[in-house]
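Notes for the one structure printed next.
Chain identifiers are assigned alphabetically (A, B, ...) following the order of the sequence lines, protein sequences preceding nucleic acid strands; residue numbering begins at 1 within each chain.
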Number of protein chains: 2
Amino acid sequence: MSCTRELFQRHHLRCTKQRMAIYEALRDSHSHPTAEALFNMVKPNTDRLSLATVYNTLDALCEAGLVRKLPTTNGCCRFDADTSHHLHVRCLESGEIMDVPEELGSQLVDRLPAEVLAQIEKAMNVKIDRVQVQIMARTDTTR
Amino acid sequence: MSCTRELFQRHHLRCTKQRMAIYEALRDSHSHPTAEALFNMVKPNTDRLSLATVYNTLDALCEAGLVRKLPTTNGCCRFDADTSHHLHVRCLESGEIMDVPEELGSQLVDRLPAEVLAQIEKAMNVKIDRVQVQIMARTDTTR
DNA sequence: GTACGTGCAAAATGTTTGCATCATT
DNA sequence: AATGATGCAAACATTTTGCACGTAC
């Protein structure tokens, strides 16, 4: 669908076929891919594409707020085109990142008390951008 | 202090001077240093030390559960010798990681409802190891 | 037409590995 | 004495950069 074009224009991003393909692949993916995984997903359907462009594009999209870089512990970045507040489960074995279903996640996030966040801002002299909750877990082998 | 030796022995870790120096520097640091920062902190007081040893040691300490690797978004790992439950503020500008004062952090973490966590375990078929709350923030320039 | 995006290859950065030597147990 | 840790340098993986060319506006 072509509302990507309008979305890009609203954010003053040039609508190149590479950028659109990268963004749409990330948006439609549920796997929070790495830059390289994304490159491999998009490359077959795009006649000219280099990995450097994937990095440049992801950078531009982050800058524009359309994409988020997710924190990882293995030195290799993962990306998410869903910038709404939602929780992640990080598999300690594989490094894979999965979304927690909206209705469960919001039950956790909604109970974070705003006044405590305000106190943290005051105590640490920062402006909170957002709170990211990550659940570290292993695949359950007991069931 | 030398309880590091006993701590290591309890975890079946060899007590080399490099390992002890690295661990103690990390434990006494409040800056959640990168491997290289740690190397620079420890090197001057240790006659033989290489960066590879810092990586190997941090790996062994993580394995033993004495140290934790923190998630970051810039592909460069940071470490923490405080493995108790506590919150981090990540500076979006510098990548720096700061601890949230214990009494404030526990006000957030203690309100995470256990039954929701149990539901997440069931729904996603995982065993939760721990919940990590990261606050993304900027240095407050309005004050 | 101009400004910006792209591909490619090279460089920079962060981390891991192989191997001979050395230290701890 | 045996096992495992160390230093060093080389390999590796991920990300960034410089530059000539191409494309969107």
Side-chain angles (χ1 to χ4, degrees), chain A residues 2 4-23 26 32-40 42-64 66-67 69-79 94-95 97, chain B residues 2 4-23 25 32-40 42-64 66-67 69-79 94-95 97:
Chain A
S2 176
T4 301
R5 172 156 263 124
E6 289 151 40
L7 181 67
F8 277 22
Q9 282 166 350
R10 233 178 303 134
H11 287 86
H12 307 102
L13 292 164
R14 285 215 172 169
C15 301
T16 67
K17 56 184 180 320
Q18 290 91 342
R19 285 187 168 193
M20 312 235 295
I22 291 165
Y23 175 72
L26 182 57
H32 309 291
T34 62
E36 191 164 14
L38 207 43
F39 173 71
N40 291 327
V42 177
K43 175 73 178 178
N45 317 309
T46 312
D47 38 60
R48 290 184 68 65
L49 180 67
S50 81
L51 185 55
T53 297
V54 176
Y55 279 106
N56 288 336
T57 297
L58 288 170
D59 215 56
L61 293 173
C62 281
E63 202 77 20
L66 298 179
V67 161
K69 225 180 198 178
L70 301 181
T72 61
T73 48
N74 60 5
C76 145
C77 296
R78 289 176 170 273
F79 297 86
S94 68
I97 298 176
Chain B
S2 177
T4 300
R5 171 156 263 125
E6 290 153 40
L7 180 67
F8 276 22
Q9 281 166 350
R10 234 178 302 134
H11 287 87
H12 309 101
L13 292 164
R14 284 213 173 169
C15 300
T16 66
K17 55 185 181 322
Q18 290 90 342
R19 286 187 168 195
M20 312 236 295
I22 291 164
Y23 176 73
H32 309 289
T34 62
E36 190 165 14
L38 207 42
F39 173 72
N40 290 327
V42 177
K43 174 73 176 178
N45 317 309
T46 311
D47 38 60
R48 290 185 68 64
L49 180 66
S50 81
L51 185 54
T53 296
V54 176
Y55 280 106
N56 289 337
T57 297
L58 288 170
D59 217 53
L61 293 174
C62 281
E63 202 77 20
L66 298 179
V67 160
K69 224 180 198 180
L70 302 181
T72 60
T73 48
N74 58 6
C76 146
C77 296
R78 288 176 171 274
F79 298 86
S94 68
I97 297 177

Grab the [atom1]-[atom2] distance between [X] and [N] for me, whole Å please.
{"X": "A:Asp59", "N": "C:dT6", "atom1": "CG", "atom2": "P", "value": "12 Å"}
{"X": "B:Met20", "N": "D:dT6", "atom1": "CE", "atom2": "C1'", "value": "16 Å"}
{"X": "A:Arg19", "N": "D:dT23", "atom1": "CZ", "atom2": "P", "value": "15 Å"}
{"X": "A:Leu70", "N": "D:dT14", "atom1": "CG", "atom2": "C1'", "value": "17 Å"}
{"X": "B:Leu58", "N": "C:dT16", "atom1": "CG", "atom2": "C1'", "value": "13 Å"}
{"X": "A:Leu49", "N": "C:dA9", "atom1": "CG", "atom2": "P", "value": "15 Å"}
{"X": "B:Leu51", "N": "C:dT13", "atom1": "CG", "atom2": "C1'", "value": "12 Å"}

A:Gln9 atom CD: more than 12 heavy-atom contacts under 6.0 Å
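Yes, CD of A:Gln9 has more than 12 neighbouring heavy atoms, counting only those of other groups under 6.0 Å.
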Evaluate side-chain contact (heavy atoms from CB on, under 4.5 Å) for A:Thr72 paired with B:Thr72, printing each intermediate quantity in order.
CA-CA 5 Å; A:Thr72 61; B:Thr72 60; 5.7 Å; no
For a quick check, with a 4.0 angstrom heavy-atom cut-off, what is the B/S/- contact string for nucleotides 19-25 of chain C, read 5' to 3'?
----BBS
So what does A:Thr57 hit on the nucleic acid, given a heavy-atom distance under 4.0 Å: a base, only sugar-phosphate, or nothing?
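Sugar-phosphate contact only.
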When all nucleic acid strands are considered with a 4.0 Å heavy-atom cut-off, which category describes B:Asn56: base, sugar-phosphate, or nothing?
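Base: the residue B:Asn56, judged by heavy atoms under 4.0 Å, touches a nucleobase.
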Please confirm whether the shortest side-chain N or O distance from B:Gln18 to OP1 or OP2 of D:dG7 is below 4.0 Å.
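Indeed, a polar side-chain atom of B:Gln18 lies that close.
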For B:Tyr55 and C:dT16, is the shortest distance between a side-chain N/O and OP1 or OP2 below 4.0 Å?
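Indeed not, no polar side-chain atom of B:Tyr55 lies that close.
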Starting from the 5' end of DNA chain C, give me the residue, A:Ala52 or B:Phe79, whose nearest nucleotide shows up first.
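Looking at the nearest nucleotide for each, A:Ala52 comes out on the 5' side.
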